[in-house]
Colleague: 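Take this structure first; my questions come after.
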Amino acid sequence: MAKIAFVGLGIMGKPMSKNLLKAGHSVVVFDVAPAPVADVVAAGGTAAKSSKEAASQADVIITMLPDGPEVEAAVLGPGGILEGAAKGATVVDMSSISPVVAQKVGAACAAKGVEFLDAPVSGGEPKAIEGTLAIMVGGDAKTFEKIEPILKNMGASVTLTGPVGAGNVTKLANQIMVACNIAAMGEALTLATRCGLNPEVVVNAVKGGLAGSSVLNAKGPMLIAHNFKPGFRISLHQKDLRNALQTAEANHVCLPITALVQQMLSSLIAEGKGDLDHSAIATFVEAASGVEVKAPTS
């Protein structure tokens, strides 16, 4: 069993750290918010007062933070992980950030004799709780082999996709497909509702065919019920698409559909919907059409 530090106990990080505890690992945690720290401590974890202190007590340091600036601050900043991590330790950043930032952090770790993997995840809060996330990893193969058993305590699928940064490129590809799928689902069910159909019947009719997907199964019922309790927030998905577009620009790739959906997300954030689940992407289409996706009343 490993000595693990876990920095960042948000919607995803808290259940992920608890799954490490359930697997028998020693876990010390740090977050700027005291409530999730207390929750994980009650489950058997130990609290640290800083990222530095957490890292000093661990062989493996995992971060799960909102974006690149937070990762840089937690790893490279004053009182950060690299001030506490011993030579030979491994930092695993499971945040969804720019591949460029992942490579910057990885290089800084290497300069101090600390190994680094970028290992973003997909599956949202439900799969974080279940421990069945899809984990996309970038880094050295030997480092991956060493850390893979730990990652499997949090994910059902753990895949090395290439060198440092490749994990986040893969995650950006994932986020493009998910966002565009939700937007298309919103258009389809808005059209069906306007035409007098029951959207639940439409979902059941198509989910067994080529249009069927995990996105439709998970997010269709949320849209129809207008249950937008966040498993993955609109604001975070907008951030991911922004990183995707910046990466595409740097690599001379055209992403026209992604750009359109990113603008939809930006509009929803401006309306105050940034903290809603990303299934609420479909409300952009509802609002533009004057239609609410729901079962017909007569």
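Computed from heavy atoms alone, side chains included, the values below leave out hydrogens, waters and symmetry copies.
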Colleague: Look at the side chain of Ser51 and the backbone N and O of Gly80, then say whether any donor-acceptor pair between them is shorter than 3.5 Å.
Modeller: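 Here the side-chain-to-backbone pair does not exist.
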Colleague: Can you list the residues that meet the side-chain contact (heavy atoms from CB on, under 4.5 Å) rule with Asp59, with sequence neighbours excluded?
Modeller: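 Asp59 satisfies side-chain contact (heavy atoms from CB on, under 4.5 Å) with Lys3 only.
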Colleague: Give the cluster check for Val121 versus Val215: same hydrophobic cluster or not, with ILVMFWY residues linked at side-chain heavy-atom distances below 4.5 Å.
Modeller: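 No, no single cluster joins them.
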Colleague: Measuring only between side-chain heavy atoms, which start at C-beta, is Val178 closer than 4.5 Å to His237?
Modeller: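 They are in side-chain contact.
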Colleague: Answer yes if the side chains of Ser98 and Asn243 hold a donor-acceptor pair under 3.5 Å, and no otherwise.
Modeller: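 On atom types as modelled, these side chains do not qualify, holding no pair under 3.5 Å.
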Colleague: Compute whether any side-chain donor of one residue and acceptor of the other, for His226 and Lys294, lie under 3.5 angstrom apart.
Modeller: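 Per modelled atom types, His226 and Lys294 side chains form no pair under 3.5 Å.
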Colleague: Please report, to 0.1 Å, the donor-acceptor pairs under 3.5 Å made by any side chain of residues 200-210, with sequence neighbours excluded.
Modeller:
| from | atom 1 | to | atom 2 | distance (Å) |
| --- | --- | --- | --- | --- |
| Asn204 | OD1 | Lys207 | NZ | 3.2 |
| Asn204 | ND2 | Glu200 | O | 3.3 |

Colleague: According to a hydrophobic-cluster definition based on side-chain heavy atoms being under 4.5 Å apart (Ile, Leu, Val, Met, Phe, Trp, Tyr only), do Met94 and Val37 belong together?
Modeller: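 Same cluster.
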Colleague: Under the 3.5 angstrom rule, does the side chain of Thr161 hit a backbone N or O of Ala166 as a donor-acceptor pair?
Modeller: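 Side chain of Thr161 to backbone of Ala166, a donor-acceptor pair under 3.5 Å: yes, one is there.
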Colleague: Side-chain contact, heavy-atom cut-off 4.5 Å: Phe232 with Gln175?
Modeller: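 They are in side-chain contact.
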Colleague: Over all heavy atoms of both residues, which pair between Ser17 and Val40 is shortest? Give the atoms and the distance, please.
Modeller: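 In terms of heavy atoms, the two residues are closest at OG-CG2, 3.5 Å.
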Colleague: Please report the closest heavy-atom contact between Asp118 and Ala102, naming both atoms and the distance.
Modeller: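 Closest approach of Asp118 to Ala102, heavy atoms only: CB-CB, 4.0 Å.
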Colleague: So, taking the atom named CE in Met185 and the one named OG1 in Thr190, what distance separates them when rounded to the nearest 0.5 Å?
Modeller: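 Separation between the atoms: 9.0 Å.
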Colleague: For the side chain of Asn168 and the backbone of Ile97, is there at least one donor-acceptor N/O pair under 3.5 Å apart?
Modeller: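 Yes: the side chain of Asn168 pairs with the backbone of Ile97.
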Colleague: Just wondering, more than 12 heavy atoms not from Lys273 lying within 6.0 Å of its NZ?
Modeller: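 Result for NZ/Lys273: enclosed.
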Colleague: Check each of Lys87, Lys146, Lys142 against Glu115 using the side-chain hydrogen bond (donor to acceptor under 3.5 Å, both in side chains) test, and report the only one that passes.
Modeller: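 Among Lys87, Lys146, Lys142, the one meeting side-chain hydrogen bond (donor to acceptor under 3.5 Å, both in side chains) with Glu115 is Lys146.
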Colleague: Is a side-chain N or O of Glu70 found less than 3.5 angstrom from the main chain of Asp67, in a donor-acceptor match?
Modeller: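 Judged by distance alone, yes, a pair lies under 3.5 Å.
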Colleague: Atom CD of residue position Glu249 - does it have more than 12 heavy atoms of other residues, nucleotides or ligands inside 6.0 Å?
Modeller: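 Incorrect, the count does not exceed 12.
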Colleague: Test your reading of the model: is there a side-chain donor-acceptor pair from Asp31 to the backbone of Leu9, 3.5 Å cut-off?
Modeller: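 It does hold such a pair.
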Colleague: Carefully, step by step, assess Lys239 and Leu236 under the rule side chain to side chain contact (heavy atoms under 4.5 Å, CB included).
Modeller: CA-CA 5 Å; Lys239 173 264 299 183; Leu236 292 176; 4.1 Å; yes
Colleague: Please test Phe116 against Val114 for side chain to side chain contact (heavy atoms under 4.5 Å, CB included), starting from the C-alpha separation and ending with a verdict.
Modeller: CA-CA 7 Å; Phe116 178 82; Val114 173; 6.0 Å; no
Colleague: Give the C-alpha distance, both sets of side-chain angles, the deciding distance and a yes or no for side chain to side chain contact (heavy atoms under 4.5 Å, CB included) between Asp93 and Val75.
Modeller: CA-CA 9 Å; Asp93 178 40; Val75 180; over 6 Å; no
Colleague: Compare every heavy atom of Ala280 with every heavy atom of Thr283, then report the nearest pair and how far apart it is.
Modeller: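 Closest pair (atom of Thr283, atom of Ala280, distance): OG1-O, 2.6 Å.
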Colleague: Test Ile147 against every option in Val158, Val137, Leu117 by the side-chain contact (heavy atoms from CB on, under 4.5 Å) rule and name the one that passes.
Modeller: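 That would be Leu117; it is the only one of Val158, Val137, Leu117 passing the side-chain contact (heavy atoms from CB on, under 4.5 Å) with Ile147.
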Colleague: Do Ile61 and Val105 share a hydrophobic cluster (ILVMFWY, side-chain heavy atoms under 4.5 Å, transitive)?
Modeller: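 Yes, same cluster.
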Colleague: Using a 3.5 Å distance criterion without hydrogens, assess whether the side chain of Lys171 forms a donor-acceptor pair with backbone atoms of Asp240.
Modeller: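 The answer is no, because no donor-acceptor pair under 3.5 Å joins these two groups.
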Colleague: Which atom names give the shortest non-hydrogen contact between Pro120 and Ser95, and what distance separates them?
Modeller: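 For Pro120 versus Ser95, the nearest heavy atoms are CB-O, 3.5 Å.
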Colleague: May I have the list of side-chain donor-acceptor pairs in residues 253-269 shorter than 3.5 Å, sequence neighbours left out?
Modeller:
| from | atom 1 | to | atom 2 | distance (Å) |
| --- | --- | --- | --- | --- |
| Ser266 | OG | Gln238 | NE2 | 3.0 |
| Ser266 | OG | Gln262 | O | 3.1 |

Colleague: So, does Glu286 use its side chain to make a donor-acceptor pair with the main chain of Val293 at under 3.5 Å?
Modeller: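 Checking the backbone N and O of Val293 against the side chain of Glu286, a donor-acceptor pair under 3.5 Å is found.
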Colleague: Ignoring hydrogens and geometry, is there a side-chain-to-backbone donor-acceptor pair from Asn153 to Asn19 under 3.5 Å?
Modeller: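 Not a single qualifying donor-acceptor pair exists.
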Colleague: If only atom types and distance count, is the side chain of Lys229 paired as donor or acceptor with the main-chain N or O of Asp277 below 3.5 Å?
Modeller: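 The answer is no, because no donor-acceptor pair under 3.5 Å joins these two groups.
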